[in-house]
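Some notes on the structure that comes next.
None of the values given here were measured: they were computed from a predicted structure. Atoms considered below: every heavy atom in the structure, side chains included; atoms not considered: hydrogens, waters and symmetry mates. Residue numbers begin at 1 in each chain, while the letters A, B, ... track the order of the sequences.
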There are 2 protein chains.
Amino acid sequence: MEKVTEIKILEAAKKVFVDKGMDGARMQEIADQAGINKALLHYYFRTKAQLFDKIFSVAMESIFNPINESLENDGNLFTFIDTFVDNYITVLSENPHLPNFILNEINKNPERMVKLVSLNLNIAKLKQLIDEGIENQEIIPISMENFLVNIIGLCVFPILAKPLISAYFFVSENNNYNTFIQERKKNIPEFIKNALTVKN
Amino acid sequence: MEKVTEIKILEAAKKVFVDKGMDGARMQEIADQAGINKALLHYYFRTKAQLFDKIFSVAMESIFNPINESLENDGNLFTFIDTFVDNYITVLSENPHLPNFILNEINKNPERMVKLVSLNLNIAKLKQLIDEGIENQEIIPISMENFLVNIIGLCVFPILAKPLISAYFFVSENNNYNTFIQERKKNIPEFIKNALTVKN
DNA sequence: AGAAAAATTAACCAAATGGTTAAACCAGAT
DNA sequence: ATCTGGTTTAACCATTTGGTTAATTTTTCT
């Protein structure tokens, strides 16, 4: 197996699959994009499903690794919020189509897709940070699940809804969507930290 | 044109399109689900694209109308938050696949899909509520765009990510995902209102 | 009742698509 | 040089799929 060819295929497959999804993707288009014959595609990855699985699991890792990495860093809850949001919005900005790709494929085939990847979120650490904060009355009571869904949702949703946000908020002005997203690197942590802070 | 047949078709088409997306949907399956012949399907809606457009625009409306309705209600910003979140999570729980369907199709074809529907969000009203709150120093400064993306994202994202949330948070326990979502009817408003409240 | 119009179906078609096959090409080993 | 193994290709195949056609059934109108 020629490594160069395999890489060309994986790059092409990633682009086509992420753009058009499993159903919309065409093996011919992947072959074209990779600059090879369609038969060669099947020579390297026997079936469309096999090639897709490879792309999907890599995609899953590249979207979940940043979460895990941030969870492994030391520091208190508030620095976690800061670094995670900044880091994650950067990652998402670089791969803006990944979230939609992953969520869509997972929703279309939950059991299979979830089983395909074995990722273990370092949840315990986060839970500890949160519970400590609650005990010391530094933050309002909140479950780890709600906290994580909130912070990820606030980062990911605007990426998923880019066409709508652009169309309804930034009709005329052109690249304002991008600055909107980048500014959220500051806005989201501020929002969350304020939400968690105990009032008096 | 037999109205009964048209309704049967639209119901079947909605189910199949929303479940499998434009690319994954099959005209034959829609015909089967509607209990009719495939030719009859084309007799009522000439092409797959035409049928899809109908389904999509109805879907868009049913997902955006609740937003607009909440925006038109009277009351201050905090009651808006309460009623909107409660109302919207109810709507989403009843149509859990709609958000993924809409976002996916829009991302796959932004210009066309956005142009397909003409919905005018009653943004001015919300902007006024927010700006008033800021002026009276009842809430922290926040742009209408960030506020709306936050509140919608907090409601919609957990619906989009159901398979992941179920798999990683509620592995063994069965229907806990649903209670998690329903509890967010209280958690989200609390979170947002706290986030907006001025500290002293 | 019977003609005209509308609704519905079975059979069919062309294009697209995932996948296969057999031959050609090309490197390194002998 | 040529044999051998892996690599690449052109041509091909079976199936699926959106869509059409012509005939049949059902309804409507007179």
Please check if any side-chain donor atom of [X] sits under 3.5 Å from a side-chain acceptor atom of [Y], or the reverse.
{"X": "B/Lys185", "Y": "B/Gln182", "value": "yes"}
{"X": "A/Thr179", "Y": "A/Asn176", "value": "no"}
{"X": "A/Asp86", "Y": "A/Thr83", "value": "no"}

[X] [atom1] - [N] [atom2] separation (whole Å):
{"X": "B/Lys3", "N": "D/dT27", "atom1": "NZ", "atom2": "P", "result": "19 Å"}
{"X": "A/Leu41", "N": "C/dT17", "atom1": "CG", "atom2": "C1'", "result": "13 Å"}
{"X": "B/Glu2", "N": "D/dT26", "atom1": "CD", "atom2": "C1'", "result": "10 Å"}
{"X": "A/Ile30", "N": "C/dG19", "atom1": "CD1", "atom2": "P", "result": "11 Å"}
{"X": "B/Asp23", "N": "D/dT17", "atom1": "CG", "atom2": "P", "result": "12 Å"}
{"X": "A/Leu40", "N": "D/dT7", "atom1": "CG", "atom2": "P", "result": "9 Å"}
{"X": "A/Arg46", "N": "C/dG18", "atom1": "CZ", "atom2": "P", "result": "18 Å"}
{"X": "A/His42", "N": "C/dT17", "atom1": "NE2", "atom2": "C1'", "result": "9 Å"}

| message | Within the 4.0 Å heavy-atom criterion, would you say A/Phe45 contacts the bases, only the backbone, or no part of the nucleic acid? | response |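 Touches nothing.
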| message | Counting the atoms with a prime plus P, OP1 and OP2 as sugar-phosphate, which does B/Ala25 contact under 4.0 Å by heavy atoms, base, sugar-phosphate, or nothing? | response |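 Sugar-phosphate contact only.
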Candidates [options] - which lies nearest the side chain of [X]:
{"X": "B/Tyr43", "options": "C/dG19, C/dA6, D/dT7", "value": "C/dA6"}
{"X": "A/Ala39", "options": "D/dA10, D/dT21, C/dG18", "value": "D/dA10"}
{"X": "B/Asn37", "options": "D/dT8, C/dT8, C/dA10", "value": "C/dA10"}
{"X": "B/Thr5", "options": "C/dG19, C/dT8, D/dG19", "value": "C/dT8"}
{"X": "A/Lys48", "options": "D/dG18, C/dG19, D/dT8", "value": "C/dG19"}
{"X": "B/Ile36", "options": "C/dT9, D/dT8, D/dT9", "value": "C/dT9"}
{"X": "A/Thr47", "options": "D/dG18, C/dG19, C/dT9", "value": "C/dG19"}

| query | Taking only residues at least two apart or on different chains, which pairs with a member in residues 26-50 of chain A satisfy salt bridge (Lys or Arg N to Asp or Glu O under 4.0 Å)? | reply |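 Matches after skipping sequence neighbours: A/Lys20-A/Glu29.
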| query | Aromatic rings B/Phe52 and B/Phe17: how do their planes relate, parallel, tilted or perpendicular, breaks at 30° and 60°? | reply | perpendicular
| field | Under-4.0 Å side-chain N/O to phosphate OP1/OP2 contact, B/Arg26 with D/dG18 | value |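 So the side chain of B/Arg26 is within the cut-off, an N or O lying under 4.0 Å from OP1 or OP2 of D/dG18.
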| request: Tell me which of A/Gln28 and B/Lys38 sits closer to the 5' end of DNA chain C, going by the nucleotide each one is nearest to. | output: B/Lys38
